[in-house]
Amino acid sequence: LSAVIAGLLMWLLNRRGVTRPDVYIVIGLFMWVFVLKSGVHATLAGVITALAIPMRDAKGHSPVISLEHGLHPWVAFLVLPLFAFSNAGVALQGVTADVLFSPVPMGIVLGLLVGKAVGVFGTTMMMIKLGLAQPPSAASVRQILGVSILCGIGFTMSLFVGSLSFGPEHVDYQLSHRLGILGGSLLSAVVGYLILRRVLPGQPPA
């Protein structure tokens, strides 16, 4: 109930034209505590707070973009590395070929390497063929394929989803899903890089 009240307060501030991000951040911190204590995953508080911040102020500036640019260095160089470091936790002691090629890690590898590429590339080409979207300027089909394969790099969010899917009651899968995520992300990065290295035009000489 407290989280709902905080969300309604931010909605009212948005409707009143309040554009200072710090006001929403303070209320969002309280909402984060309320959501966390309620037993619901606290990331929802961040999503609701972000949605509440107005896109434009009276002068046509964007508080959201300004906030994003301000947070970017902290997120890119502190938050995400710490998140990845603390959530990876892969102990390779005792890992055998049977573990690496068991159904869970292999399924995750195929999901990241093949599933992501098929989903992104297939949807993109379908939207272009149906006339619902325009292809990127001067981009070839092979270049779009290379970028689609890079979408299989799912390190941080995949670890997050894996930790939710295989909770404490599935201890046996904790190592397996991490191995699959690391393997699938690595393969996606390498294959996507090799394709783009081949199909992208070379850099002009300096």
Sequence neighbours left out, cut at 3.5 Å: what donor-acceptor pairs do the side chains of residues 183-190 make with other protein atoms?
from, atom 1, to, atom 2, distance (Å)
Ser185, OG, Gly154, N, 3.2
Ser185, OG, Ile181, O, 2.8
Ser188, OG, Gly184, O, 2.8

Pair up each side-chain donor or acceptor in residues 136-145 with any protein partner under 3.5 Å, not counting sequence neighbours, and list the distances.
from, atom 1, to, atom 2, distance (Å)
Ser140, OG, Gln143, N, 3.2
Gln143, OE1, Ser140, N, 3.1
Gln143, NE2, Val199, O, 3.3

Would you list the atom pairs, donor with acceptor, under 3.5 Å between side chains in residues 117-125 and any protein atom, with sequence neighbours excluded?
from, atom 1, to, atom 2, distance (Å)
Thr123, OG1, Gly119, O, 2.7
Thr124, OG1, Val120, O, 2.7

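- Rounded to the nearest 0.5 angstrom, Ser62 OG and Asp57 CG are separated by 8.0 Å.
- Rounding to the nearest 0.5 Å gives a distance of 11.0 Å between CG of Leu13 and CG of Leu8.
- The hydrophobic cluster containing Met10 does not contain Ile5, counting ILVMFWY residues as joined when their side-chain heavy atoms lie under 4.5 angstrom apart, directly or transitively.
- Atom CG of Leu194 sits about 10.5 Å away from atom CZ of Arg198, to the nearest 0.5 Å.
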I'd like a table of donor-acceptor pairs (distance under 3.5 Å, sequence neighbours excluded) in which one partner is a side-chain atom from residues 25-39, with atom names and distances.
from, atom 1, to, atom 2, distance (Å)
Ser38, OG, Val35, O, 2.6
Ser38, OG, Val40, N, 3.4

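- A search for salt bridge (charged side-chain N to carboxylate O under 4.0 Å, His left out) contacts involving Arg56 returns nothing, not counting sequence neighbours.
- Closest approach of Leu67 and Pro21 over heavy atoms only: CD2-CB, 4.2 Å.
- Here Leu113 contributes atom CG and Met106 contributes atom CE; the two are 9.5 Å apart, rounded to the nearest 0.5 Å.
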Salt bridge (charged side-chain N to carboxylate O under 4.0 Å, His left out) evaluation trace for Asp22 with Arg20: CA-CA 6 Å; Asp22 52 350; Arg20 290 185 54 179; 2.5 Å; yes
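- Val147 and Leu196 get closest at one heavy-atom pair: N-CD2, 4.1 Å.
- Between Pro54 and Tyr24 the shortest side-chain heavy-atom distance falls below 4.5 Å.
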Under 3.5 Å, side-chain donor or acceptor atoms of residues 128-135 against the rest of the protein: list the pairs with distances, not counting sequence neighbours.
none

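- Proximity of Ile65 to His69: side-chain heavy atoms (C-beta onward) are separated by under 4.5 Å at one or more points.
- Met55 and Ile53 fall within the same hydrophobic cluster, where Ile, Leu, Val, Met, Phe, Trp and Tyr residues are linked whenever their side-chain heavy atoms come under 4.5 Å apart, directly or through other members.
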